[in-house]
Amino acid sequence: MAKARKQKGDGGGAGGGGGATVLHQKLCVSIDMENQLIYGYTEIKVLLADNDTFALHADNMTIRSILVDGETAEFDYSPYWKNEGDQPNWSSISCLKTAADAACSTYTSSLNREAVPNLIVSYERSVKSITEQQLEENSEKHEENSGRLEEHGLKPVQASDDQIVNGCNGSAMEEQKEKENGNEKGKENGIETETEKVKNIKLVHIDYILEKAETSIHFVGNVLHSSSQIRRAHCWFPCIDSTTQRCPFDLEFTVSMDLIAVSNGDLLYQVLSKEDPTKKTYVYKLNTPVSAHWISLVVGPLEVLPDGNDISVSHICLSPALSKLRNTITFFHDAYSCYEDYLSTTFPLGLYKQIFLPPEMTVLPISLGASTCIFSSDILHDEKVIDQIIGTRIKLAYALAKQWFGIYTSAEEANDAEWLLDGLAGFLTEIFIKRFLGNNEARYRRFKANSTVCESDVSGATALSSPAASSDLYGTQTIGSYGKVRSLKAVAVLQMLEKQMGPDSFRKILQVIVAPNRASRTLSTKEFRHLANKVGNLERPFLKEFFPRWVESCGCPVMRLGISYSKKRNMIELAVSRGCTAKATPDSDSHTNGDTREGDAGWPGMMSVRVHETDGAYDHPVLPMAGEALQVIEIQCHSKVAAKRVWKSKKSTKFDGSDDNIDVSTQENRTSIESPLQWIRVDPEMEYLAEIHFHQPVQMWINQLEKDKDVISQSQAISVLEKLPQLSSAVINALNNFLNDTKAFWRVRVEAAYALAVTASEATDFAGLLHLVKFYKSHRFDADIGMPRPNDFHDIPEYFVLEAIPHAVALVRSSDKNSPKGAIEFILQLLKYNDNNGNIYSDVYWLSAMVQAIGELELGQQGMGFLSSLLKRIDRLLQFDNFMPGYNGVLTVSCIRTLARIARKVSSSICLVRKIASIFPTSSSSYAYHVTFTSHYYRIAFLN
């Protein structure tokens with residue numbers, strides 16, 4: 001026992017296996033669904049160190065016996081829950097801070113314990129080693145061969161024992177003697193090393209029982225499924241639960257005849273069980289080495305739908321979801337073929353299986369496994385649902401990309417290349433988005449993702465490859481909000497590299513990584529950096545600066561820029577202020593304000609400035625990412641100022657006494673007269689991940705919105721125009737014109753609608769609100785009767801724009817911070833007269849958007865008269881969704897969420913419960929039933 005405890009302390013070595021390396025693992029278990037029982041055995045072929053003990057991970061199970069090479073072995077099994085020793089003295093906690101510290105200490109202690117293997121196996125080395133057994137077998141074969149030679153009149157060549165082992169005779173024997181005489185050390189490092197390696201390979205057989213598992217494997221009714229939670233594989237089968245331990249797997253699952261078992265790799269066959277004819281065994285084989293984390297299992301009365309597009313994919317679900325599954329996966333062969341085409345190789349993990357289970361069964365929305373992925377069936381949809389299509393396709397495409405980068409190709413070290421594989425999977429997903437959802441969708445998503453990264457990349461937790469930060473976070477940096485930011489940042493960093501080396505070179509690098517003939521299936525940041533140099537032709541000095549700055553550090557560059565135009569020299573003067581999003585550390589001796597850290601040398605690269613002039617657009621790569629905190633850069637214009645003037649103003653003198661320098665930021669109405677500039681963009685192709693604040697005249701922003709066809713340029717212009725302190729009719733008209741432009745990308749048109757809502761105020765006579773209502777009525781109202789027409793969603797982009805209008809209207813505020821009466825009446829009218837008869841599409845999301853708009857309203861004292869009508873509409877929708885349940889309870893969730901928001905807003909001035917009781921005097925039980933019926937969705941409604 002003491003020896004085993006000592007081994008546990010050393011368990012971190014060799015990939016967490018106590019000096020053992022896994023070569024192969026076989027898992028054979030039977031599943032008793034009625035008693036929630038898993039029983040069977042696992043066989044692990046391990047290469048051991050010289051000691052007589054090794055360590056595995058196992059928890060929440062009963063170990064019945066362990067055999068090593070067929071001989072009984074002693075073992076020490078200490079479940080983690082029994083080792084919770086260092087508990088804090090909760091009675092000594094006096095404040096919230098000490099309580100938080102104690103809870104954090106307890107949690108990290110638990111994580112540290114889980115990282116250490118807890119199943120210690122001790123065995124006695126056999127007297128006769130494997131090498132001696134091999135000697136005897138080879139000697140017998142040698143004598144047999146000698147007899148056959150003598151029968152043919154040939155004299156056998158005599159060989160020593162060592163030569164028999166190594167299969168040497170004749171001239172080969174003499175040659176080996178010369179080598180042995182010339183280099184005795186080589187013999188020791190060669191033959192003897194191989195002999196020791198064979199000698200230290202052991203086959204470990206573990207019989208175990210798992211009863212009513214609490215984590216990693218889940219029984220729900222007649223369905224069992226695993227989940228890919230961090231370090232939880234050992235909770236349903238003994239293994240070395242480490243990402244650095246990878247091996248092939250043989251998997252056998254015995255289940256009832258009426259159930260199907262789906263697992264990793266290819267299904268070799270299914271056969272009736274010898275022990276129990278009422279059961280059958282599914283046999284899978286996974287040849288690609290993977291860590292135990294990626295082994296998954298689903299058992300249940302499943303429906304299997306093979307893909308009909310000649311690809312090795314099966315789509316699986318329970319019977320009630322089959323029709324939705326058929327509709328959802330019609331696109332999937334596009335993603336599958338897209339990846340194979342881009343990577344120039346076939347899918348490497350055999351048959352890919354997508355399993356969709358009801359949300360009440362799943363623990364995670366997506367649970368990845370080798371050649372498998374378990375999804376919540378919430379993402380399935382029928383042909384009537386519009387809003388779910390884009391999101392579902394991207395999720396399925398990303399899960400498939402993770403099979404290539406993350407499972408088939410894994411990180412060499414846990415804290416080194418996980419960011420790289422995550423980024424490559426995201427990059428591959430964006431290739432699919434660009435090809436099949438459009439370039440506008442891809443660019444818009446990347447622009448918003450980069451903005452999110454710049455807002456959040458402020459601490460060491462977002463550094464992509466920081467071993468110190470990763471070890472402190474115990475792997476949780478890959479989940480939650482930090483995980484999302486890191487994933488987005490990883491894709492952005494890789495896209496920067498692609499811009500530097502070109503798309504063809506970057507594609508070749510990915511093809512090299514996933515090539516079937518590649519020696520290793522792991523990837524490190526160092527190796528990728530080497531490929532960027534050799535294949536991508538990026539210079540080493542650039543890479544030497546790029547990776548430490550973007551991968552090993554946190555923070556993004558902040559560029560603040562403003563312009564001044566010199567008419568005399570026809571020159572643009574660009575003022576630049578450089579900073580960083582990462583917060584300055586206490587020991588930093590920075591003397592600059594804002595977001596700059598001391599000692600920042602900046603980022604490698606040269607940013608481009610695109611100047612749109614009267615006779616064309618010109619790119620100027622003149623803005624270095626690194627340099628002084630404050631700098632002025634001059635850019636020569638190509639167009640000439642028109643000689644003809646419409647009007648001439650009085651000459652003004654600037655602070656420097658000159659009259660030829662015109663500050664365009666103060667001459668907004670004279671831009672087209674006094675300069676050839678139309679508008680200017682910084683980093684128009686998103687070559688760098690940077691937070692850019694650019695200042696140019698309002699008219700130039702209007703020009704950018706109206707004339708630039710790039711969705712990023714349009715979004716940037718809208719973002720600036722809606723925040724202007726003083727709004728002119730030109731700005732509001734530009735936003736309205738863009739909203740009405742059917743050729744513009746629908747997501748940016750939605751932004752224009754929200755911008756109009758922001759600009760609506762008494763100062764502008766609520767022009768933005770009037771434009772929104774007019775736009776909606778022109779598309780959805782009958783002009784003769786002034787009432788909404790029945791729904792018709794055949795124009796999908798227009799549907800998304802119109803769906804956003806009620807929410808935008810609800811955001812309009814008057815000077816007293818309350819919603820105008822017209823906005824409340826408009827939304828109430830839409831809810832009251834909504835008619836979906838004759839429409840081939842579902843209006844569940846359409847109604848949900850209207851209900852959520854009610855939650856955004858600020859009624860105030862004057863608007864309380866509408867509260868009764870609004871609540872009645874919500875109750876009617878709840879009853880309708882109860883009687884005829886809509887898609888995924890979306891409408892019910894929106895109603896509950898809106899009721900919660902209303903209760904929070906009016907709680908100080910009115911008792912909502914009494915109000916509801918007065919509104920629904922005869923339906924209080926019905927209302928209570930709605931709440932009970934939707935209890936499954938309470939967590940979503942209130943936590944979000």
Side-chain angles (χ1 to χ4, degrees), residues 100-101 103-112 114-115 227-232 243 293 363-368 391 394-395 398-399 401-402 405-407 410-411 413-427 429-430 445-496 523 525 547-558 580-586 595 597 603 689-691 939-940 943-944:
D101 291 341
C104 182
S105 175
T106 303
Y107 180 58
T108 54
S109 297
S110 176
L111 293 174
N112 286 327
E114 286 185 0
S227 61
S228 58
Q229 293 171 291
I230 298 176
R231 293 189 301 275
R232 286 294 177 269
T243 56
H293 173 70
V363 177
L364 304 172
I366 298 177
S367 184
L368 290 167
I394 292 175
K395 288 176 182 177
Y398 177 73
K402 286 291 289 184
F405 299 106
I407 299 177
S410 56
E413 296 292 337
N415 295 331
D416 172 48
E418 284 185 348
W419 75 270
L420 179 56
L421 294 168
D422 203 22
L424 289 173
F427 180 89
T429 306
E430 293 202 1
R445 283 179 171 273
R446 178 44 37 198
F447 171 64
K448 293 300 180 182
N450 287 3
S451 299
T452 300
V453 173
C454 290
E455 292 174 3
S456 307
D457 191 9
V458 297
S459 66
T462 51
L464 296 179
S465 181
S466 176
S470 298
S471 60
D472 291 342
L473 293 172
Y474 297 90
T476 58
Q477 73 276 6
T478 61
I479 60 178
S481 58
Y482 277 130
K484 180 180 179 181
V485 172
R486 283 167 56 91
S487 296
L488 297 177
K489 182 178 179 180
V491 178
V493 170
L494 292 175
Q495 287 190 335
M496 283 192 287
L523 183 65
T525 301
F547 276 83
R549 204 64 186 85
W550 283 110
V551 177
E552 300 170 15
S553 303
C554 64
C556 299
V558 178
C580 177
T581 59
K583 304 300 181 183
T585 56
D595 18 41
R597 299 177 305 183
W603 285 258
L689 175 61
E691 182 179 314
R939 181 173 60 86
I940 304 173
L943 292 183
N944 292 338

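- T462 and K489 get closest at one heavy-atom pair: O-NZ, 3.5 Å.
- Within the 4.5 Å cutoff, side-chain heavy atoms of R445 are placed close to those of I394.
- Rounded to the nearest 0.5 Å, atoms CZ (F547) and CD (E552) are 9.0 Å apart.
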**OP:** For F405 and L523, run side-chain contact (heavy atoms from CB on, under 4.5 Å): C-alpha distance rounded to whole Å, both residues' side-chain angles, the deciding distance at 0.1 Å, then the answer.
**Re:** CA-CA 9 Å; F405 299 106; L523 183 65; 5.8 Å; no

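- Residues S553 and P548 share a closest heavy-atom pair of OG-O, 2.8 Å.
- For T581 (side chain) and V458 (main-chain N/O), no donor-acceptor pair under 3.5 Å exists by modelled atom type.
- In terms of heavy-atom proximity, T429 sits nearest to A401 at OG1-CB, 3.7 Å.
- Relative ring orientation between W603 and W550 is described as tilted, the plane-to-plane angle lying within the 30° to 60° band.
- Separating the CD atom in E691 from the CG atom in N450 is a distance of 11.5 Å, to the nearest 0.5 Å.
- The minimum heavy-atom distance between C454 and C556, with the atom names listed, is SG-CB, 4.0 Å.
- The structure places OG of S410 at 7.0 Å from CG of L421, a figure rounded to the nearest 0.5 Å.
- Note that OG of S451 is 9.0 Å distant from CG of L689, once rounded to the nearest 0.5 Å.
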Subject >> Derivation and outcome, side-chain contact (heavy atoms from CB on, under 4.5 Å), residues R486 and D422 >> reply: CA-CA 9 Å; R486 283 167 56 91; D422 203 22; 5.9 Å; no

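- A donor-acceptor contact shorter than 3.5 Å is absent between the side chain of D416 and the backbone of A411.
- In this structure, L424 and L494 approach most closely via the heavy-atom pair N-CD1, 3.3 Å.
- Taking K395 as the reference, I366, I379 meet the side-chain contact (heavy atoms from CB on, under 4.5 Å) condition, with sequence neighbours excluded.
- Across all non-hydrogen atoms, the minimal contact from H293 to S228 is CE1-O, 3.2 Å.
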